[in-house]
Amino acid sequence: MFNFKKVASVTTLVLALFSGMAIAGEKVTVKDITGRDVQVSVPVERVILGEGRQIYFTAALDTEAPFKRIIGWRDDFKKADLDGYNAYLEKYPEMEKIPTFGGMKDGTFDIEQAVTLKPDVIIMNIDAKSATEESGYIEKLAKVGIPLVYVDFREKAMENTTPSMLLIGKLFGKEKRAEEFVKFRDEQLARVTDVLAKAGDVKKPMVFIERAGGYSDDCCMSFGNENFGRMVEIAGGINLAKDIIPGTFGTVNPEQIIASNPDQVIVTGANWELYVPGGDWVGVGPGADKALATSKLEKLMHRPAFTDIAAVKTGNVHAIWHQFYNNPYQFVAIQQIAKWLHPDLFKDLDPEATFREMHERFLPVEYRPGYFVSLNASL
């Protein structure tokens, strides 16, 4: 639940701030990813991001000035993706001056601060929906003219990425740019799906995806039939946890991993030094030390759940940037996973080149290799 101890004073403050304010732009009704109809004056010029990592999509639309609309954001970007944060910070040092917020789900979001910033819209990830509904947060904001819209690149990423990007394009007045990104994404996905469809009845390897391996001592977090689990299926694999985890995220017992004896293991990782200093996590990401990441990946395979499985014996163990799970770049991850699972079918596919092209066309920072490593020296 959110902290609304000062609701009365907040309401007074809000009315004072918004009384007499002119509505700029065209007022339109948009449908967010949950199906809600929301009235917003577009193009929006003052945006609060419910998660700092939403800069991944903001930057793809406002490439020339990715922070020009951002007047506040959650404080997760630096902690969850330190290498990515630093890549942006080098080019845009002013981003450190953007006001930060706590999380919605843990009740640390400061509504008074948000109101003071006078946003045209607040963009939330769909995973915050239950908390905002329970608190009456949407209604409180609506009374003072602050619309809130939901997007989703995480819960049902393959279904909701395109409508989420098109929605943000409408909000930003960047419809054409959003359509160009979606077209590029579709083309790159087809480079996997078309090949698999043409190949016909290919043997699908059993894949275990470990979510944030080494982040804690627990084993083992994974994905159900969505997110990275769905990416594995699209890439021509069988997700070990598909029928074990009922939703998007969950846990698989070590004994189940041993019994299933997966052909391939993929561990997600990032630079989590600010979360777990000196942890065993695999620090893949922009500009990562690939030798160090490979060493840490190899160390993770010494845990009891992995030592005797087929994937470890054949060296088919890989690590991939964790943040693909929560941004519109999932097509790059799917290409890389397909190349790991079916190297003969995808020998001419270069996910690094795809990601580099995406950076050159849509992102304001240069591409820095380091998003993938493998214990299989031939891949």
Side-chain angles (χ1 to χ4, degrees), residues 158 189 191-193 195-196 199 201-214 219-245 248-270 280-282 284 290 293-322 324-325 330-347 349-352 371-379:
M158 302 315 299
L189 280 172
R191 296 179 68 189
V192 172
T193 56
V195 169
L196 288 171
D201 189 22
V202 298
K203 182 179 180 181
K204 296 182 177 181
M206 175 73 71
V207 183
F208 177 65
I209 300 272
E210 184 176 10
R211 181 186 177 194
C219 179
C220 293
M221 294 189 294
S222 191
F223 302 85
N225 58 6
E226 291 292 347
N227 206 285
F228 266 108
R230 178 69 180 136
M231 294 183 217
V232 164
E233 300 279 335
I234 294 172
I238 299 171
N239 173 24
L240 183 154
K242 180 178 181 180
D243 297 322
I244 299 172
I245 297 174
T248 303
F249 308 105
T251 303
V252 176
N253 291 327
E255 293 79 7
Q256 183 65 59
I257 299 171
I258 295 169
S260 300
N261 194 29
D263 303 298
Q264 305 254 355
V265 169
I266 300 174
V267 177
T268 72
D280 290 333
W281 39 264
V282 182
V284 285
K290 296 181 73 171
T294 302
S295 175
K296 294 179 77 171
L297 177 61
E298 196 275 335
K299 180 181 177 182
L300 288 178
M301 294 303 103
H302 293 172
R303 293 172 295 169
F306 299 95
T307 51
D308 290 324
I309 63 174
V312 173
K313 291 177 180 178
T314 60
N316 284 311
V317 176
H318 325 284
I320 193 167
W321 187 47
H322 181 76
F324 282 123
Y325 93 126
Q330 315 99 343
F331 58 91
V332 180
I334 290 170
Q335 285 191 359
Q336 183 60 66
I337 294 170
K339 195 172 181 71
W340 283 330
L341 305 190
H342 302 285
D344 293 336
L345 283 178
F346 294 102
K347 60 184 177 181
L349 184 61
D350 187 348
E352 295 269 9
Y371 293 88
F372 326 103
V373 296
S374 177
L375 300 187
N376 189 331
S378 65
L379 295 178

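Keep in mind the model is a prediction, meaning the values are calculated, not measured.
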Quiz item: Just by distance, do the side chain of Lys296 and the backbone of Trp281 share a donor-acceptor pair under 3.5 Å?
Solution: yes
Quiz item: Do Val232 and Ile238 have side-chain heavy atoms sitting under 4.5 Å apart?
Solution: no
Quiz item: Is Ser374 reaching over with its side chain to a backbone N or O of His318, donor-acceptor style, under 3.5 angstrom?
Solution: no
Practice problem: May I ask you to check whether over 12 heavy atoms, not counting those of Lys290, lie within 6.0 Å of atom NZ? | Solution: yes
Self-check item: From CG (Leu196) to NZ (Lys204), nearest 0.5 Å
Solution: 8.0 Å
Exercise. Flag the pair Glu210 / Phe306 as yes when at least one side-chain heavy-atom distance between them is below 4.5 Å, and no otherwise.
Key: yes
Quiz item: Between the main-chain N or O of Gly224 and the side-chain N or O of Asn239, is there a donor-acceptor pair closer than 3.5 Å?
Solution: yes
Self-check item: Value rounded to 0.5 Å, distance of CG in Leu341 from CG in Asn316
Solution: 9.0 Å
Practice problem: Decide side-chain contact (heavy atoms from CB on, under 4.5 Å) for Tyr325 and Arg211; before the verdict, give the C-alpha distance in whole Å, the side-chain angles of both, and the deciding distance to 0.1 Å. | Solution: CA-CA 10 Å; Tyr325 93 126; Arg211 181 186 177 194; 4.0 Å; yes
Practice problem: Quickly, which of Glu233, Arg230, Met231, Arg191 forms a side-chain contact (heavy atoms from CB on, under 4.5 Å) with Ile334? Name it, please. | Solution: Met231
Self-check item: Heavy-atom closest contact (Ala293 atom, Val373 atom, distance)
Solution: CB-CG1, 4.2 Å
Exercise. Considering non-hydrogen atoms only, spot the tightest contact between Phe249 and Asn227 and give its length.
Key: CZ-ND2, 4.1 Å
Quiz item: Hey, what do you get for CD (Gln264) to CD1 (Ile209), rounding to the nearest 0.5 Å?
Solution: 9.5 Å
Practice problem: Compare all side-chain heavy atoms of Tyr371 with those of Val284 and state whether any distance is below 4.5 angstrom. | Solution: no
Quiz prompt | Over all atoms of both residues, closest heavy-atom pair of His322 and Thr268 | solution = ND1-OG1, 2.8 Å
Self-check item: From CD1 (Ile309) to CD1 (Ile258), nearest 0.5 Å
Solution: 8.5 Å
Quiz item: If every non-hydrogen atom of Phe372 is compared with every non-hydrogen atom of Glu352, which pair is closest and at what distance?
Solution: CD1-OE2, 3.7 Å
Quiz item: Under a 4.5 Å cut-off applied to non-hydrogen side-chain atoms, are Ile337 and Phe228 in contact?
Solution: yes
Quiz item: Given side chains that start at C-beta, do those of Thr193 and Ile234 come closer than 4.5 Å, heavy atoms only?
Solution: yes
Quiz item: Could you give the distance from CD (Gln335) to CD (Gln330), rounded to the nearest 0.5 Å?
Solution: 12.5 Å
Quiz item: Does Ile245 reach the side chain of Ser222, with side-chain heavy atoms less than 4.5 Å apart?
Solution: yes
Practice problem: Over 60° means perpendicular and under 30° means parallel, so classify the ring planes of His342 and Phe346, tilted if in between. | Solution: tilted
Self-check item: Interatomic spacing from CG in Asn253 to CD1 in Ile244 - rounded to 0.5 Å
Solution: 8.5 Å
Quiz item: Step by step, would you call Leu349 with Val192 a side-chain contact (heavy atoms from CB on, under 4.5 Å)?
Solution: CA-CA 9 Å; Leu349 184 61; Val192 172; 4.1 Å; yes
Quiz item: Where is the tightest heavy-atom contact between Ala199 and Leu345, given as atom of each residue plus distance?
Solution: CB-CD2, 3.9 Å
Quiz item: Can you name the closest pair of heavy atoms from Ala305 and Ile257 and give their distance?
Solution: O-CG2, 3.6 Å
Quiz item: Is the shortest heavy-atom distance from the side chain of Val312 to the side chain of Val317 under 4.5 Å?
Solution: yes
Quiz item: Are side-chain heavy atoms of Ile320 and Trp340 found at a separation under 4.5 Å?
Solution: yes
